[in-house]
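Okay, structure first, notes after.
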Amino acid sequence: MELLFPLLILALLVPMFLGIRRQKKEMAKTAELQDSLNVGDRVLTTSGLHATVVELGEGTVDLEVAPGIVTTWSRMVIRELLVEDDEEFEEEDIDEIVDDAPADETPVVEKAPVEETPEETKRRLDTE
C-alpha cells in the first residue's frame, strides 16, 4: 500500500514531463524557422494564408498575399515554409501524354439544366 502512492505520482509526472519536453522542442523549431525567413520565401500562416515574404522587421513580417497587396503580420504567425516543386514537364513528356489520349473519344459536355414547367416535367417523365 505504501508503494502505490509513489507509483501513482510517477505515473502522472512522467507523461507530463515528456509532453513539456516535446512542446519545448516544437517551440524551438518554430522560433528557428521564424528567424531563418528571407525575402521571397513562400510561407503558410497559422490561419492558412499562403503568401510571399516581402520585408522583414524586428518582430513583424510584410507578406504579399496577391500581386500588389502587402499586409503586415507578426512573425509568430508563420507556421511553415512552403517549398515549390521545380519539376517541369519536358516537351517529350507532354507529347507522350497527348499521344496516349484516345483520338476517337470526344469529351461529353453536360448542359446546364433548363427550367421547365410542372406540365413539361410530367410529359417528359411519362415518355421516358
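Hydrogens, waters and symmetry mates are skipped; everything else that's a heavy atom, side chains included, is used.
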Same cluster or not: are Ile20 and Leu10 linked, directly or through other Ile, Leu, Val, Met, Phe, Trp or Tyr residues, by side-chain heavy atoms under 4.5 angstrom apart? no
Rounded to the nearest 0.5 Å, what's the gap from OG1 on Thr45 to CD on Glu80? Could you check? 10.0 Å
Value for CZ (Arg79) from OG1 (Thr46), rounded to nearest 0.5 Å, stands at 6.5 Å
Can I get a per-line list of side-chain donor-acceptor pairs under 3.5 Å for residues 49-68, giving both atom names and the distance, sequence neighbours left out?
residue : atom : partner : partner atom : Å
Thr52   : OG1  : Arg42   : NH1          : 3.0
Asp62   : OD1  : Thr72   : OG1          : 2.8
Glu64   : OE2  : Gly68   : N            : 3.0

Is the shortest side-chain heavy-atom distance between Leu18 and Val14 below 4.5 Å? yes
Within the supplied structure, the quantity of interest is the number of heavy atoms (other residues, nucleotides, ligands) at a distance under 6.0 Å from Arg21 CZ; does it exceed 12? no
Main-chain N/O of Glu120 paired with Thr117 side-chain donor or acceptor, under 3.5 Å: yes
Check whether Leu33 and Val77 end up in the same hydrophobic cluster, where Ile, Leu, Val, Met, Phe, Trp and Tyr are linked by side-chain heavy atoms less than 4.5 Å apart. yes
Met27 meets the side chain to side chain contact (heavy atoms under 4.5 Å, CB included) criterion, sequence neighbours left out, with Gln23
On a heavy-atom basis, the closest approach of Leu81 and Leu37 is CD1-CD2, 4.3 Å
Sub-4.5 Å side-chain heavy-atom contact between Val43 and Leu82: no
Quick one: which residue pairs count as a side chain to side chain donor-acceptor pair (under 3.5 Å) with a foot in residues 30-41, not counting sequence neighbours? none
Could you see if Leu12 belongs to whatever hydrophobic cluster contains Leu3? Use Ile, Leu, Val, Met, Phe, Trp, Tyr and a side-chain cutoff under 4.5 Å. no
